[in-house]
Each structure stands twice: as structure tokens, then as C-alpha cells.
There are 2 protein chains.
Amino acid sequence: MKIELRQIRQFLAVAETLNFRRAAENLALAQPALSRGIQLLEHQLGVSLLKRNNRRVELTPAGEVFRNGCYSLMKDLEETARKARKAQSGELGRLAIGYTDFAISGVLPGVLDRFRRAFPDIDIELTYGSTRQQLDDLAIRRIDIAFVTKPVDAFGITTLPVQRDRFVAVLPSAHPLAQLAQVEIRDLADEPFIVGVMARWSHYRRHLDALCLKAGFSPRIVQEAYNTEGIFGLISANMGVTIHLECAANYVRSGVAIRPLGGTDDTIVTAAAWRPAEPGSVLSRFVDFLQTVPAE
Amino acid sequence: MKIELRQIRQFLAVAETLNFRRAAENLALAQPALSRGIQLLEHQLGVSLLKRNNRRVELTPAGEVFRNGCYSLMKDLEETARKARKAQSGELGRLAIGYTDFAISGVLPGVLDRFRRAFPDIDIELTYGSTRQQLDDLAIRRIDIAFVTKPVDAFGITTLPVQRDRFVAVLPSAHPLAQLAQVEIRDLADEPFIVGVMARWSHYRRHLDALCLKAGFSPRIVQEAYNTEGIFGLISANMGVTIHLECAANYVRSGVAIRPLGGTDDTIVTAAAWRPAEPGSVLSRFVDFLQTVPAE
DNA sequence: TCGATTGATGCCTTCTTGTTATCACCGGGT
DNA sequence: ACCCGGTGATAACAAGAAGGCATCAATCGA
């Protein structure tokens with residue numbers, strides 16, 4: 001069975017007009033060629049598709065079934081071609097994105113939402129991971145792009161800042177300092193600290209240590225948790241305080257107060273990071289999107 | 001865009017082997033022809049589907065997308081051809097069937113079940129109607145085949161008996177006659193009768209009148225209902241009795257007793273009835289089925 | 001560095017596809 | 001009753017596309 005699309009197009013034209021001459025005209029074709037094409041098709045299928053009364057043409061029941069099938073077949077072909085073109089231009093495919101607590105608390109959700117609206121045919125696969133973990137995942141191509149905490153020291157990685165957070169103090173609501181509109185960093189010198197575990201938060205822990213050192217103290221760590229939610233939970237349990245980023249303001253948790261941190265102007269930058277993107281790839285689409293449609 | 005299936009077949013062959021020479025061999029084709037075919041396809045699509053390293057061939061992401069699309073496209077084409085063939089042989093299509101109370105209480109459900117298993121691609125459309133109504137529907141082609149109560153007096157209609165029922169007495173459970181294992185017909189002579197309305201049951205009413213007349217009485221009708229369920233409902237309400245067919249045994253209704261009717265050997269025949277079926281039609285399939293796979 | 005293997009290219013052949021001219025058939029108008 | 005306009009089918013021929021053969025350039029492995 002070596003049916004060709006030409007024959008199907010011919011058949012559809014005839015099925016539409018129920019008139020060989022007009023159908024041939026629509027196909028920019030002489031009528032005899034059309035007659036033979038249809039005959040061949042019928043022979044190849046082993047099915048008579050049209051009933052010719054030498055005066056009027058009508059579809060047989062089988063012809064009607066075949067017409068419906070061919071109709072959606074042609075639609076599917078167009079769709080397939082369209083998708084291939086989209087895939088080539090990077091508008092269709094899969095994109096694996098890594099993210100940190102800070103990114104997902106900050107600009108990332110909005111970015112993703114807008115990107116998915118702009119490119120609905122791109123499947124996004126999200127993976128949580130520390131900055132260190134994500135840079136490794138980038139290297140072995142487990143993810144296409146990472147949202148990590150600066151600085152990024154890796155070769156062949158391009159970065160683009162997408163978020164800049166000031167520090168905030170996070171306290172139990174009942175804590176005396178929670179009465180103030182702003183907490184000075186040195187007021188926290190003697191407080192018990194709750195921070196993220198080294199395995200996942202080493203990057204931020206370095207920033208935090210540096211910040212406290214500048215303020216003249218080293219934080220007394222009494223508890224560690226795996227993520228922001230865990231840290232906040234321990235704080236609401238009155239176990240201590242922490243210094244976090246203003247993006248945490250998106251977390252609403254009863255029993256926890258967030259206050260601007262005075263005595264420092266330092267900020268933490270979250271950046272997108274990726275290996276060189278080949279032109280026309282899904283990744284390059286995403287990077288373009290990040291650069292042209294930045295913070296919203 | 002005048003892509004041909006030949007090109008798609010060629011592309012699929014290459015996508016499978018990732019080797020032009022072997023693919024060409026599979027297609028019973030020289031390698032250069034294949035190269036040109038694929039080039040043409042890529043040009044027509046405006047998409048590069050394959051990455052040739054002059055040493056190894058691999059699919060581009062777009063090529064992968066296109067391959068998947070083409071794969072299901074070819075499947076759909078085969079399926080469409082298969083369906084057309086089925087439609088031609090009457091194994092696919094729509095069949096409108098009419099039925100009476102007696103038919104649906106008797107053999108029809110079993111017949112339909114077995115037919116649908118044998119021909120799963122035939123849509124069956126069922127319509128309830130009296131014998132009279134169904135013969136009219138046959139005439140105007142609203143139904144393809146009818147299951148009616150004999151006799152059938154209509155021109156150009158073929159009939160095939162499918163069911164033969166003896167009469168039964170139907171009584172309230174509390175009725176004295178319900179104590180007996182069998183009820184004699186003349187014992188019902190003075191009982192109040194509940195029967196179907198003339199508009200729908202005229203055919204059976206004639207049979208019933210003839211039966212009673214032979215037994216020497218004319219039934220005293222006190223209530224009429226539209227269908228068997230209605231009749232049985234009124235009987236369970238102790239409003240009277242009726243003479244029905246043994247197929248009604250399939251109805252289980254508390255408060256109603258069904259007993260063989262003595263004093264007569266008459267039967268009522270239910271038959272399939274249809275207009276001449278053109279060969280290869282869905283109807284002819286069904287008729288063949290009825291004749292070869294009868295009562296089971 | 002050389003040989004083997006890959007896909008691409010140029011040229012020619014072949015066969016499919018399409019065109020023109022014509023036929024047989026049917027319906028409607030005169 | 002007849003003819004004319006329109007239908008799809010057929011035959012012979014022309015055009016073009018698809019395929020085959022010989023060969024090239026690039027790459028990999030020994």
C-alpha cells in the first residue's frame with residue numbers, strides 16, 4: 001500500500017465538491033488526471049469511495065468514513081509540521097530549571113508564569129537544589145538553567161542577575177525586638193541563631209558569616225533546618241532568630257515577625273546561570289525572555 | 001507545502017536506522033535518492049530534521065518532534081484505511097434498531113450483546129416502538145430493522161422469527177389463583193383485566209382477544225397502561241390480572257406472581273423485519289448474524 | 001597516513017504524473 | 001422527439017519528478 005498524500009488531497013477535493021471537474025480546477029489539475037488518481041486510490045485501498053451515476057457523484061458510506069479520517073489526517077500533518085517548526089525555533093520542547101529557596105520565594109514564580117503564557121508548548125521541569133548542587137547539575141546537563149545565589153565561580157557559565165534582596169531580621173512575634181519597626185544587626189549579636197544546614201545552605205552561610213563579622217560578632221547557632229519553612233517553624237516555636245532575605249516576606253507564618261535589618265546595606269543577588277546556549281534552542285528562548293522581559 | 005508520504009516514509013526509515021545507506025536499503029532504494037528526498041523534505045518544512053556529522057547522523061530536537069508526529073500519522077493512516085475497508089464490508093457504521101416490549105424482554109438483549117462483541121465498530125441506536133410504529137419507521141428508513149410481533153402485513157418486508165412465547169397468567173401474589181402451580185385460562189374469565197393501551201398494544205390486544213374468545217369469554221378490562229412495567233405495577237397494586245408472555249419472566253417484581261397458563265398451546269412469535277438489504281451494508285451484516293447465530 | 005565508510009552531488013534514465021482530445025452517458029429545455 | 005450542455009472515463013502523448021550510477025569530500029579508525 002503506497003498511498004500518497006497527493007491522492008488524499010485529490011479525494012478530499014472531490015469529496016468536498018462532489019464534482020470531478022470543479023475539484024480538478026481547485027487542484028489546478030486537469031479532470032482526467034483526477035479521475036485516474038481517485039481510481040488508483042480506490043484500487044489501492046480496495047474500497048469504492050465514490051458512487052458515480054454518470055450524472056452525480058456521491059460518497060459511499062465507506063467514502064464518508066475515509067473522508068473523515070483523511071480530514072483529521074491532514075490536520076494532524078499540518079500540526080506536526082507546525083510543531084516541528086516550533087521545536088526548531090525553540091518554542092517547543094523541554095526546559096529543566098533549577099532553583100533555590102530564594103529564587104522560588106522571589107521573582108521566579110512570576111517569571112515562569114509569564115514565560116509559560118508566552119511559550120505554552122514548552123514543558124518546564126523544576127528541580128530544587130542548592131547553588132552548589134545546581135552548578136553540578138548544569139555541568140552534567142541535568143538542568144538547562146539554574147537560579148542560584150551569587151557569586152558563581154564556575155567556568156563557562158553565563159550569569160544574569162534577576163533578583164536583589166536586602167537582609168531582614170526574622171524573630172518570634174513575642175520577642176522584644178519585634179516591637180521595633182527596624183532591628184539593628186548588632187542587637188542580634190547575643191541572640192540564638194537558627195540557620196540552614198551546611199549541606200544545602202553553605203553559600204548563604206558564608207554571606208551570613210561575613211555580614212555578622214562586619215557587625216563585630218559571630219552568630220551563635222543553636223539549631224539548623226533544611227529549608228526556609230523549617231527555619232521559620234523553629235522561630236515560631238520561639239527557639240531563636242535568624243537573618244534572612246526580604247524575599248521571605250512572601251512567607252506568611254503566624255508567630256513570626258519580619259523586620260528590616262539596620263546597620264548594613266549589603267544585598268544578596270540571585271542570578272540565572274547557564275552554559276552557552278545554542279541558537280534556536282529552548283534555552284536560548286528562555287534566556288532571551290529573561291533579558292527582554294526582566295522584572296515585570 | 002506539498003509534502004508526500006513517500007518523504008515521510010523515507011524520513012522514518014532514516015530516523016530509525018540513523019544511517020542513510022541502511023535506510024535506503026530497507027526502502028529498496030539507492031542512497032542518493034534518499035539523501036535528496038530528505039533534503040527536499042527539510043526544505044519544504046523549513047526545518048532541519050537531521051544533524052549530519054559526515055560520520056554519524058542524529059535527530060535534531062525538531063526532528064525528534066517531527067518523527068513522533070509522523071509515526072502516529074502513519075498509524076492513523078493505516079487505521080483510517082482499515083476503517084474504510086470495514087465500512088465497506090459493513091463491519092463499521094450505524095444501525096438503527098426498533099424493538100417492542102416483548103423483544104426487549106426476550107432474546108434481543110442477548111442478540112445485541114453478542115453482535116456488539118462480534119462487530120465492535122458498529123454503533124447501535126435503539127428505538128422503542130409498537131409493531132405498527134416500527135413498520136412505519138422502516139418504511140421511511142428511520143430504522144434499519146425492527147423487532148415486532150407477528151403477523152407482519154407490509155409489502156417488501158422480510159421477516160425472520162427470533163422468539164416464540166407461550167402465554168402466562170400474571171396475578172397479584174395475594175390472589176387465590178397464585179397458590180396454584182398453573183392457572184387455567186377459563187379461571188380468569190371473571191377477573192378484572194389490566195392490559196396495554198390500544199395506541200401501543202393493538203397488535204397484542206388482537207391476539208389476546210382471540211385467545212379469550214377461544215376460551216369462551218371476553219376479558220373485562222378495568223385499567224390500561226403504556227408498557228409492561230406499568231401493567232405489572234397495577235397488578236402489584238391488586239387492581240387486576242393480565243395474560244402476558246413467558247418472556248415477562250425476566251421481570252422480577254415483588255407482589256406479582258407469574259404462572260403458566262393452561263388450556264391453550266398458542267404462542268406469540270416475535271420476528272425481525274427489514275427492507276431488502278444491499279450487500280455489504282451494515283444491515284446485511286446484522287441479518288447474516290441473526291441467521292447464522294440464532295437463539296444461542 | 002592511508003583505507004574504509006559516511007552522506008552529498010552531477011548526470012542520465014525511467015517511470016510516474018499530468019495534459020489534450022475524445023468518447024459514452026445522462027438530463028433538461030425547446 | 002431531439003439536441004445541447006455537462007458529467008466522468010479513456011487513450012495517446014508530453015513533462016517532470018523520482019531513482020540509479022558514478023563519483024566526491026569529509027571523517028574516523030588502524
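Below, chains carry the letters A, B, ... as their sequence lines are ordered, and counting in each starts from 1. These values consider heavy atoms only, across backbone and side chains, with no hydrogens, waters or symmetry-generated copies.
Contacts of Asp121(B) classified as salt bridge (charged side-chain N to carboxylate O under 4.0 Å, His left out), with partners at least two apart in sequence or in another chain: Lys86(B). Among residues two or more places apart in sequence or in another chain, the side-chain hydrogen bond (donor to acceptor under 3.5 Å, both in side chains) test is passed with Thr80(A) by none.
You won't find any donor-acceptor pair under 3.5 Å spanning the side chain of Arg21(A) and the base of dG6(D), going by distance alone.
Heavy-atom nearest nucleotides on DNA chain C were determined for Phe20(B) and for Arg36(B), and the one closer to the 5' end corresponds to Phe20(B). Along DNA chain D, the nucleotide closest to Ala33(A) and the one closest to Glu4(B) are compared, and the more 5′ of them pairs with Ala33(A).
When rounded to the nearest whole Å, the span between CG of Leu18(B) and C1' of dG7(C) equals 13 Å. If you take CZ of Arg9(B) and P of dA18(D), they are 13 Å apart, rounded to a whole angstrom. One can place CD1 of Ile8(A) at 14 Å from P of dT17(C), the figure rounded to the nearest angstrom. Rounded to a whole Å, the CD atom of Gln7(B) is 14 Å from the C1' atom of dG19(D). Atoms CD (Gln44(A)) and C1' (dT16(C)) sit 12 Å apart, rounded to a whole Å. Following rounding to the nearest Å, Lys51(B) (NZ) and dT6(C) (C1') show an atom-to-atom distance of 17 Å. In this entry the distance linking CZ of Arg56(A) with C1' of dC25(C) reads 14 Å, nearest Å. In this structure, the CD1 atom of Ile38(B) is 17 Å from the P atom of dT6(C), given to the nearest Å.
Note on Gln39(B): only backbone sugar-phosphate atoms sit closer than 4.0 angstrom, heavy atoms only; bases stay farther off. Within the 4.0 angstrom heavy-atom criterion, only backbone atoms of the sugar-phosphate kind lie near Arg6(A); the bases stay farther away. Residue Gln10(A) is in sugar-phosphate contact alone, with no base atom involved, counting any heavy-atom pair closer than 4.0 Å across all strands shown. Among the protein residues, Leu29(A) comes within range of the sugar-phosphate backbone only, with heavy atoms under 4.0 Å from sugar or phosphate atoms but none that close to a base.
Closest to the side chain of Asn19(A), out of dT7(D), dA9(D), dA8(C), is dT7(D). Side chain of Val57(A), nearest nucleotide from dT17(C), dG19(D), dG8(D): dG8(D). With distances taken from any side-chain atom of Pro32(B) to the nucleotides dC21(D), dG7(C), dT17(C), the minimum falls on dC21(D).
In this model, the phosphate group of dT7(D) is not approached by any side-chain N or O of Arg52(A) to a distance below 4.0 Å at OP1 or OP2. Remark: Ser35(A) is in phosphate contact with dA9(D), judged by side-chain N or O atoms under 4.0 Å from OP1 or OP2.
Comment: Glu4(B) engages Arg9(A) in a salt bridge, judged by a side-chain N to carboxylate O separation of less than 4.0 angstrom.
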Open item on the list: Pair Phe102(A), Phe147(A) - check ring pair (Phe, Tyr, Trp, His ring centres under 6.0 Å), show working.
Closed with: CA-CA 9 Å; Phe102(A) 299 153; Phe147(A) 285 85; over 10 Å; no
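Atom CZ of Arg94(B) has 12 or fewer heavy atoms from other residues, nucleotides or ligands within 6.0 Å.
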